[in-house]
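One structure below.
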Amino acid sequence: MKVCMIGTGYVGLVSGTCFAEIGHEVICVDNDTSKIDILKKGGIPIYEPGLDELVKKNVQAGRLSFTSDTGEGVDKSQFVFIAVGTPPKDNGEPDLSSIEQVAIEIGAAMRDYKIIIEKSTVPVQTGQWVRMVVERFNKHGSEFDVASNPEFLREGSAINDFLFPDRIVLGVESKRAEEKLLELYRPIEAPKIVTDIASAELIKHASNSFLSTKISFMNALSVICEKSGADVTKVAEGMGLDKRIGRDFLNAGAGFGGFCFPKDLKAFIGISAKLGYDFRLLKEVENINDEQMQRVVKKVEELLWNLRDKKIGVLGLAFKPNTDDMRFAPSITIINRLIDEGATIKAYDPVSMKRAKKIMPNITYCENAYDVAADVDAIILVTEWSEFGKMDLQKVKKAMRQPVFVDGRNVFEPEKMKKLGFIYSGIGR
Ligand code: UGA
């Protein structure tokens, strides 16, 4: 089947490539010609494990191509996915102008029946707006359907999430679109849930908000664990064995970040308010997350006494491992606060330093974790890259000026760290 994917960011490029991988003919569109140039030359504008090879393989097989001409993409395809960015505006609301622009271009280019599918995370009721805009610009009077097919891809494991998902959500307004979309997704074995468009849009908001709530619940619980002498990792294990709760997303840590949870949470709080409901629960999820990043700084302060003129080493900058994404990374909040308090920062991340340098030019970037450790008064582990778990801890300790270690992701066992001579503090244990 013929698929056009508009937007070659994380979502669009992964989804387009995976549609090609399951046998469809895919054309990926982006109005950023520099991105299309990179892709046409066999490069990848983002870091996502495994994507490089998958793009190459499908381009070679003739199933995946790229263009900056939306008209060409729409003309060649029956399914037109909208996967452009919806960045937050200053007031936290998503900026939907790119979606509108794409809807105009699709309307103007359509010459026969198309299914226009929202893939980007958009506020509930966006489907109605897309329909209206496409209708207004539908030059040739072509038939079309609008649908919502939210993505649930996690950066770092996006390909696996696409090919082996927990579920596929299809929000449709006609039987014709339902049948065609089910056919498109036939090669993927997963429960497929067909709903109206508004419900599909809401499934996405609700899922991300609920997952954020799980994390903030555990972060709040970590405070109680510390005060009562309990271990939050054990509490999570005990809770997680209850099938109704599940162990996933119960890890207390330095707070959640990334371009999805913080942004989607804010957007959903805003959408709820517009619809006349004050979603207080989610406001608190947000507050707890902000506090959690500050608590990490507080921990270092409590162990060092004063932060002024202290050298602090930061391990991990990306918002989570296996991605170079720095957007809304907790490391930024933590580092900025430490700098405000007069500390100087050395940092290392296996893949995100290039991006980090643009956001935080005022810190020292190191070659590896041992360089970070050299002569610092404390280390904070912010992102749990697997290589940090394999560090030679004796070597790390020897290099440090003071052996203070704040483990923001509970990578290490407190007893072991204490035995090694570290002044160690994890989260909630
Ligand atoms: C998230 C969702 O997991 C995806 O299902 C969704 O499609 C995506 O947002 C999106 O809306 O596009 P992602 O932002 O890539 O995916 O990352 P996650 O793996 O969900 O992690 C988000 C943050 O939560 C990270 O900062 C991570 O460190 C933190 N986290 C996660 C915790 O602090 N504790 C946990 O137990 C799990």
Run the numbers on Cys28 and Leu64 for side chain to side chain contact (heavy atoms under 4.5 Å, CB included), then give the verdict.
-> CA-CA 8 Å; Cys28 289; Leu64 183 60; 4.0 Å; yes

Go through the steps for Glu286 and Lys283 under the test salt bridge (charged side-chain N to carboxylate O under 4.0 Å, His left out), then give the verdict. CA-CA 5 Å; Glu286 213 178 18; Lys283 286 183 178 165; over 6 Å; no

Is the count of non-hydrogen atoms from other residues, nucleotides or ligands lying under 6.0 Å from [X] atom [atom1] greater than 12?
X      : atom1 : answer
Lys89  : NZ    : yes
Lys192 : NZ    : yes
Lys214 : NZ    : yes
Asp278 : CG    : yes
Arg247 : CZ    : yes
Phe217 : CZ    : no

Acceptor/donor pairs from residues 193-203 side chains to any protein atom, 3.5 angstrom cut, sequence neighbours excluded:
{"unit_1": "Thr195", "atom_1": "OG1", "unit_2": "Ala200", "atom_2": "N", "d": "3.4"}
{"unit_1": "Asp196", "atom_1": "OD1", "unit_2": "Ser199", "atom_2": "OG", "d": "2.7"}
{"unit_1": "Asp196", "atom_1": "OD2", "unit_2": "Ala198", "atom_2": "N", "d": "3.3"}
{"unit_1": "Asp196", "atom_1": "OD2", "unit_2": "Ser199", "atom_2": "N", "d": "2.9"}
{"unit_1": "Asp196", "atom_1": "OD2", "unit_2": "Ser199", "atom_2": "OG", "d": "3.1"}
{"unit_1": "Glu201", "atom_1": "OE1", "unit_2": "Gln125", "atom_2": "N", "d": "2.6"}
{"unit_1": "Glu201", "atom_1": "OE2", "unit_2": "Thr126", "atom_2": "N", "d": "3.4"}
{"unit_1": "Glu201", "atom_1": "OE2", "unit_2": "Gly127", "atom_2": "N", "d": "2.9"}

Taking Thr86 for the side chain and Pro94 for the main chain, is one N or O donor matched with an acceptor at less than 3.5 Å?
no

Electrostatic pair [X]-[Y], nearest N-O below 4.0 angstrom:
X      : Y      : answer
Glu387 : Lys390 : no
Lys180 : Glu183 : no
Asp52  : Lys56  : yes
Glu25  : Lys76  : no

- Query: Stepwise, does the side chain to side chain contact (heavy atoms under 4.5 Å, CB included) test hold for Met391 with Val411?
  - Reply: CA-CA 11 Å; Met391 291 185 304; Val411 169; over 6 Å; no

Given side chains that start at C-beta, do those of [X] and [Y] come closer than 4.5 Å, heavy atoms only?
X      : Y      : answer
Cys260 : Phe328 : no
Val29  : Phe66  : no
Asn31  : Thr70  : no
Glu100 : Leu96  : no
Ile99  : Ser120 : yes
Ile427 : Arg429 : no

In short, salt bridge (Lys or Arg N to Asp or Glu O under 4.0 Å) pairs touching residues 328-346 with sequence neighbours left out are Arg337-Glu341

Task: Distance-only donor-acceptor check, side chains Asp95 and Ser97, under 3.5 Å - done: yes

Under a 3.5 Å cutoff, is there a donor and acceptor pairing between the side chains of Glu284 and Asn287? yes

With Ser34 as partner, the option from Asp37, Asp32, Asp30 fulfilling side-chain hydrogen bond (donor to acceptor under 3.5 Å, both in side chains) is Asp32

Next on the checklist: Tell me whether the rings of Phe79 and Phe81 are parallel (<30°), tilted (30 to 60°) or perpendicular (>60°).
Outcome noted: parallel

Which pairs with one or both residues in [range] pass side-chain hydrogen bond (donor to acceptor under 3.5 Å, both in side chains), sequence neighbours excluded?
range            : result
residues 363-376 : Lys311-Asp375
residues 133-149 : Tyr113-Asp145, Lys119-Asn149, Arg131-Glu135, Glu143-Arg176, Asp145-Ser174, Asn149-Tyr185
residues 253-264 : Asn208-Asp264

Return the set of residues passing side-chain hydrogen bond (donor to acceptor under 3.5 Å, both in side chains) with [X] (not counting sequence neighbours), or none when no residue passes.
X      : answer
Lys204 : Thr121, Glu151
Lys35  : none
Lys357 : none

List the residues meeting ring-ring contact (aromatic ring centres under 6.0 Å, His included) with [X], not counting sequence neighbours, and say none if there are none.
X      : value
Phe261 : Phe256
Tyr424 : none
His24  : none
Tyr10  : none

